[in-house]
Each structure stands twice: as C-alpha cells, then as structure tokens.
Student: 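Below you will find the structure I want to go over with you.
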2 protein chains.
Amino acid sequence: MARTVGANGAATAEHILDVAERLAQTRGFNGFSYAHIAAEIGITKASLHYHFPSKADLGRALVARYAKNFQAATAGILASGEDALVKLKQYVLVYRQVLGADRMCLCGMFAAEYATLPEQVQQELRRFFDENERWLTGVLEEGLRQGALQFEGHARDVAGLLTGALEGSMLLARSYGDGTRFNASVEQLLKTLVPRPRARA
Amino acid sequence: MARTVGANGAATAEHILDVAERLAQTRGFNGFSYAHIAAEIGITKASLHYHFPSKADLGRALVARYAKNFQAATAGILASGEDALVKLKQYVLVYRQVLGADRMCLCGMFAAEYATLPEQVQQELRRFFDENERWLTGVLEEGLRQGALQFEGHARDVAGLLTGALEGSMLLARSYGDGTRFNASVEQLLKTLVPRPRARA
DNA sequence: GTCTATAGGTGGATAGAC
DNA sequence: GTCTATCCACCTATAGAC
C-alpha cells in the first residue's frame with residue numbers, strides 16, 4: 001500500500017520477490033545479493049533499494065509472501081473435504097513440488113541460517129512454522145477421530161516430527177539431486193500413520 | 001603430514017578447525033569469514049591462509065574431521081554390543097549433544113548451502129551422509145533380525161527417514177532455541193520402530 | 001521509478017619481511 | 001609460522017539527477 005504508486009507499481013516488487021525467492025531457496029539468505037537479482041531482472045541495484053530499502057526488508061517480505069502462499073495452499077486442502085490421510089498426502093505434495101523445482105523450502109533454508117538473520121526475518125520464520133504445525137495438528141486430530149489416521153502420543157508432537165522430517169528430507173534429497181529420496185522417506189513415515197495393525201513386517 | 005612442521009605444528013591447525021567448526025555450525029559456510037576466526041584466535045588472517053590456503057580447503061577439512069569424529073562415535077556404539085534399539089538411541093544422543101551446544105549438525109548446515117559450496121566440500125559432504133546411512137541400515141537390519149526393532153519396507157529407506165528427520169528436527173529445534181522439540185520428534189519416531197503391536201492408540 | 005556515481009565496509013587471497 | 005601491508009572483487013546502502 002504505502003509504496004504501490006503507479007499502475008504496475010507492485011509488479012516490479014513482485015518480480016523482484018520472484019527472483020529473490022528462487023535465489024534464496026537455492027543459495028540461502030547469505031548466498032545471494034542485490035547484484036544477483038539486479039543482473040537477472042535487468043535493473044540496477046539502486047532500483048532494488050527503492051522497493052526494498054534493506055536486505056532485512058527483502059527477507060521479511062520473502063518469508064511473509066511465502067507463508068501467505070503456503071497458507072493459501074493448506075486452506076485449499078482443508079476445504080477439499082477429503083479424509084485426513086488424503087489431506088496429509090496433499091500437504092506433502094506441496095513440499096514435493098518445491099523440491100521438484102530443485103529448490104529447498106524457503107523457511108527450512110532460512111532456519112539453517114537462523115543465527116545470521118535480521119530479527120524481523122527470524123520472527124516471520126517462526127510464525128511460518130507455528131502456523132504449519134497448528135494446521136498439521138488439526139488434521140492429525142481429525143484423522144484420529146475419524147479413524148483415518150493412527151498414532152500414539154500427542155498430535156502436536158507428530159506434527160513436529162512431520163515438519164522436521166519433511167524439511168530434513170528435502171535438504172538431503174536436494175544435496176543428492178535425487179527427489180526419490182524424499183519420496184521414500186515420506187512414504188516410510190506415512191506408513192506409520194496408516195490405521196492398520198502392523199505388528200509384523 | 002605435508003604441513004605438520006614443528007612440535008606443535010598441528011596444534012594451531014586444530015585450534016583453527018575448532019573455532020571454524022563452531023562458527024560453521026551456528027552461522028553456516030557463508031556466514032563466517034577468516035576475519036571472524038582470526039579475531040577469536042588472536043592471529044592474523046594471513047596466518048590462517050598458511051594453514052588453510054583457501055576457504056575451500058578449510059571447508060573440506062572441516063567436513064573431513066567432523067565425519068572422522070562421527071565415525072569414531074558410531075564405531076564405538078557398534079562395539080558396545082547393546083541391542084539395536086539401544087544403539088539407535090545412542091546414535092540419536094550424538095545428535096542431541098550437538099544440539100545441546102546450540103549447534104546444528106555441520107553437515108546438515110552445509111547441505112542447506114550445498115549449491116554455493118566448493119565442489120570438494122560437496123563431495124566430502126555426501127560421503128558423510130552415505131556413511132551414516134550405511135551404518136544406520138546395518139543397525140536396522142540387525143534389529144529386525146533380532147526382533148529388537150520393527151518396520152516395514154527397506155532398511156535403507158528407514159535409514160534415510162531417520163537421517164532426514166534428525167537433521168530437520170535439529171534445524172527447527174535450534175530455530176526455536178528449544179531442544180525439547182528435538183526430543184519429542186525423535187521419541188515419536190522411535191515409537192514406530194519398537195516391536196509391539198500398535199494397531200490402536 | 002530508475003538511473004549514475006559513490007561511499008564505506010568486508011570478503012578471500014597474496015607478497016614479502018621477520 | 002606469523003606478521004604487515006596491500007590487492008581487488010564484492011557487499012549493502014545512499015545521494016541526487018532524470
């Protein structure tokens with residue numbers, strides 16, 4: 001609002017975020033610069049500073065937009081009305097698509113660099129994970145009630161495990177350039193949530 | 001060998017690695033510099049370059065030493081003769097101690113920055129994860145044979161899930177400055193590997 | 001909104017004296 | 001092995017013209 005001036009005032013800012021997002025997801029917050037973005041867009045560094053005065057501003061905007069889009073996706077899944085296991089698989093698919101573009105989850109990436117991030121970015125980051133685990137906890141509890149899922153212990157702890165496992169599996173799969181690693185880990189994890197007696201192999 | 005000259009020739013190099021390791025584990029490869037290390041040790045940047053000519057050399061040495069120490073730990077666990085579940089818990093404890101020092105696993109950290117790493121460091125990194133999953137796979141297969149563990153599917157896939165989940169859980173726990181998050185996720189995961197019928201909650 | 005120009009700092013790295 | 005001195009590339013950020 002404050003800065004959206006002309007007809008396409010926001011368009012450039014979005015373009016900047018698009019490029020910066022990809023760089024951040026592949027190289028990390030400390031692995032890209034205004035110069036990288038400028039070169040790719042065909043604009044000067046000074047112009048970037050007009051849209052995002054400091055890199056902290058840019059980082060905060062990146063996480064905020066990423067979280068907003070993620071939340072839109074999870075809201076859509078919730079509205080699908082499918083059973084909890086299907087919802088979970090759709091949720092995993094969101095991560096899988098990010099990995100398919102040879103990117104790491106923006107927030108998992110930033111979590112690694114957490115200690116070096118501007119405070120505003122750190123706060124925005126935690127909001128993302130809080131929101132995700134809140135959503136997952138809801139789906140897990142629903143699944144338990146419905147009988148669509150099975151697990152011991154608190155739904156919140158399972159949600160934490162899911163988040164950690166998804167982020168970690170992405171991290172490793174990307175290092176190996178092998179998305180099937182991610183698939184295998186996720187399938188292994190989802191097996192444990194499927195409601196049937198599994199005393200033996 | 002090549003560079004160990006005087007009586008304490010290797011001592012300084014080790015000291016450098018100690019400081020660099022901590023910086024790398026908390027700030028990432030792109031989050032620390034020769035200047036940081038120099039200031040902390042009380043030596044000049046130029047002297048650091050004597051021991052590690054390029055940052056790529058330093059990075060490779062960091063991962064190599066970290067992997068060596070990790071392997072010594074896993075070898076010790078293997079030699080303990082405990083059953084597979086206990087071995088697994090001891091393995092988790094190695095990660096937990098790293099987190100307890102407010103550090104991320106060096107290799108998980110570098111995995112995030114993978115795309116920006118010198119090639120030699122990338123190679124060394126994959127060797128670490130390969131070795132870890134090889135070890136885990138062995139313990140998992142042993143546990144299945146002994147009846148000390150239970151899981152469906154291939155041991156290698158479970159090993160991949162464990163590695164990913166451990167790294168990811170560390171990543172998130174450190175962002176929250178809350179080691180109990182890690183504990184909760186790991187306990188939740190280990191539950192699924194304990195050999196008793198778990199059809200219901 | 002975008003540009004040129006530049007400031008002020010830090011990055012990794014080298015030469016050469018001691 | 002460690003130092004001083006220095007190089008040059010790159011970083012984030014700002015001033016001011018258009």
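Letters go in sequence order (proteins before strands), and every chain restarts at 1. For the numbers below, each heavy atom of this structure counts, side chains included, while hydrogens, waters and symmetry mates do not. Everything quoted here is computed from the prediction, not taken from an experiment.
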Student: State whether B:Ser47 places a side-chain N or O below 4.0 Å from either non-bridging phosphate oxygen (OP1 or OP2) of D:dT4.
Tutor: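 The answer is no; no side-chain N or O of B:Ser47 sits under 4.0 Å from OP1 or OP2.
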Student: Under 3.5 Å, is there a donor-acceptor pair linking the side chains of A:Gln120 and A:Glu124?
Tutor: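 Their side chains do not contain a donor-acceptor pair, so the 3.5 Å distance test is not met.
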Student: Report the distance from atom CD1 of A:Ile37 to atom P of D:dC10, rounded to the nearest whole Å.
Tutor: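 These atoms are roughly 16 Å apart.
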Student: In whole angstrom, what separates B:Leu48's CG from D:dT2's P?
Tutor: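 My rounded result for the distance is 9 Å.
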Student: What's the closest nucleotide to the B:Ala46 side chain, out of D:dT12, D:dT2, C:dA15?
Tutor: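 Comparing D:dT12, D:dT2, C:dA15 against the side chain of B:Ala46, the answer is C:dA15.
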Student: Starting at CD1 of B:Ile41 and ending at C1' of D:dG1, how long is that distance when rounded to a whole Å?
Tutor: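 Spelled out: CD1 on B:Ile41 to C1' on D:dG1 is 13 Å.
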Student: Hey, are A:Ser185 and B:Asp157 close enough side-chain-wise for a donor-acceptor pair under 3.5 Å?
Tutor: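 A:Ser185 and B:Asp157 do not have a side-chain donor-acceptor pair below 3.5 Å.
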Student: Establish, with yes or no, whether the OP1 or OP2 oxygen of D:dC3 is under 4.0 angstrom from a side-chain nitrogen or oxygen of B:Thr44.
Tutor: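 Yes.
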Student: Rounded to whole angstrom units, what separation is found between the CZ atom of A:Phe52 and the P atom of D:dT14?
Tutor: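 Going from CZ in A:Phe52 over to P in D:dT14 covers 15 Å.
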Student: Please tell me whether B:His36 and B:Ser33 have a donor and an acceptor in their side chains that are separated by less than 3.5 angstrom.
Tutor: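 Their side chains do contain a donor-acceptor pair, which is all the 3.5 Å distance test asks for.
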Student: Using atom NZ of A:Lys45 as one end and atom C1' of D:dT12 as the other, report the distance to the nearest whole Å.
Tutor: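 Taking NZ of A:Lys45 and C1' of D:dT12, I get 8 Å after rounding.
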Student: Do you know which of B:Asp83, B:Val194, B:Leu190, B:Leu140 makes side chain to side chain contact (heavy atoms under 4.5 Å, CB included) with B:Leu149?
Tutor: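 Of all the options given, the one that passes is B:Leu140.
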Student: Can you measure B:Tyr50 atom OH to D:dT2 atom C1' for me and round it to whole angstrom units?
Tutor: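 Nearest whole value for this atom pair: 10 Å.
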Student: Tell me yes or no: between the side chains of B:Ser54 and B:Asp57, is some donor less than 3.5 Å from an acceptor?
Tutor: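 Looking only at side-chain atoms, B:Asp57 and B:Ser54 do form a donor-acceptor pair, the distance falling under 3.5 Å.
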Student: Atom CD1 of A:Ile43 and atom C1' of C:dG1: how far apart are they, to the nearest Å?
Tutor: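 Rounded to whole Å, this separation is 8 Å.
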Student: Is the backbone of B:Asn30 close enough, under 3.5 Å, to the side chain of B:Glu113 for a donor and an acceptor to pair up by distance?
Tutor: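 At least one qualifying donor-acceptor pair exists.
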Student: C:dA13, C:dC3, C:dT2: which one has an atom nearest the side-chain heavy atoms of A:His51?
Tutor: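 Taking heavy atoms from C-beta onward, the closest nucleotide is C:dT2.
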Student: What is the distance, to the nearest angstrom, from the NE2 atom on B:His49 to the C1' atom on C:dG11?
Tutor: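 From B:His49 NE2 to C:dG11 C1': 9 Å.
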Student: What pairs with B:Phe128 under ring pair (Phe, Tyr, Trp, His ring centres under 6.0 Å), at least two apart in sequence or on another chain?
Tutor: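 Once residues adjacent in sequence are excluded, the partners of B:Phe128 under the ring pair (Phe, Tyr, Trp, His ring centres under 6.0 Å) criterion are B:Tyr66, B:Phe70.
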Student: Counting only side-chain N and O atoms of A:Thr12, is one of them less than 4.0 Å from OP1 or OP2 of C:dT2?
Tutor: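 So the side-chain polar atoms of A:Thr12 do come within 4.0 Å of the phosphate oxygens OP1 or OP2 of C:dT2, strictly under.
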Student: Do any of residues 15-35 of chain B sit with a heavy atom less than 4.0 Å from DNA chain C, and if so which?
Tutor: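 Heavy-atom cutoff 4.0 Å gives B:Phe32, B:Ser33, B:Tyr34, B:Ala35.
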